[in-house]
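Everything on this sheet refers to the single structure shown next.
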Amino acid sequence: MSEVRPIILVADDDPDLRRLVRLHLETASYEILEANDGAQALETILVEHPALVVLDVMMPELTGWEILRYLRGKPEYADIGVLMLTGIGESLNELSSPIYGADDHLDKPFKGEDLLSKVSEILAKRGGCCEEKC
């Protein structure tokens, strides 16, 4: 019997950052999807319904806040975890993320172990993965 791997969407307009996040998450055996702007991120969410979205705030087309507001306004997407990943400033991110309904936030630059820890916690809380298996 094959193990179901949680699907995580990494949405950021910086290809180097997407690659870095992908490399960290692949070490934990997550299935990774990528989006390079807000419109592509929202389309991918609607089609794939990932367990979690690692979402940059400042992206072309739609901002991360706009995507998050859309997701939290639709009951059918309430199960999707959201980790805001941004360089807008720690205090602003810490204040804004909960207001929009993000599960957590991580400021750029970040440590790989911090990313993996937050992703695992969000998935466990949202029922997307067991804590022991993440």
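These numbers come from the heavy atoms of this one structure, side chains and all, not from hydrogens, waters or symmetry mates. All residue numbers in this chain count up from 1 along the given sequence.
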Examine L23 and L17 and state if one hydrophobic cluster contains both, with Ile, Leu, Val, Met, Phe, Trp and Tyr joined whenever side-chain heavy atoms are less than 4.5 Å apart.
-> no

Side-chain donor/acceptor pairs under 3.5 Å, residues 50-57, sequence neighbours excluded:
residue, atom, partner, partner atom, Å
D56, OD1, K108, NZ, 3.3

In this structure, CG of D103 is separated from NZ of K125 (nearest 0.5 Å) by 4.0 Å

CZ (R72) and CD1 (I67) are apart, to the nearest 0.5 Å, by 12.0 Å

Side-chain donor/acceptor pairs under 3.5 Å, residues 38-48, sequence neighbours excluded:
residue, atom, partner, partner atom, Å
Q40, OE1, N36, N, 2.6
T44, OG1, Q40, O, 2.8

Only one of I7, V10, I8 passes side chain to side chain contact (heavy atoms under 4.5 Å, CB included) with L33; say which it is.
->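 Only match with L33 under side chain to side chain contact (heavy atoms under 4.5 Å, CB included): I7.
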
Please identify each residue that fulfils side-chain contact (heavy atoms from CB on, under 4.5 Å) with [X], with sequence neighbours left out.
{"X": "L115", "value": "V21, H24, L25, L83, L106, F110, V119"}
{"X": "A78", "value": "none"}
{"X": "R22", "value": "E26, I32, E34"}

Quick check: closest heavy atoms across [X] and [Y], and the distance to 0.1 Å?
{"X": "L123", "Y": "Y30", "answer": "CD1-CE2, 3.4 Å"}
{"X": "M84", "Y": "A102", "answer": "CG-CB, 3.5 Å"}
{"X": "D12", "Y": "R18", "answer": "O-NH1, 2.7 Å"}

Non-neighbouring partners of D37 that pass side chain to side chain donor-acceptor pair (under 3.5 Å), sequence neighbours left out = none

Sub-4.5 Å side-chain heavy-atom contact between T27 and L116 =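 SC-SC contact between T27 and L116 confirmed.
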
Sequence neighbours left out, what passes ring-ring contact (aromatic ring centres under 6.0 Å, His included) with Y70? Give chain and number order.
-> none

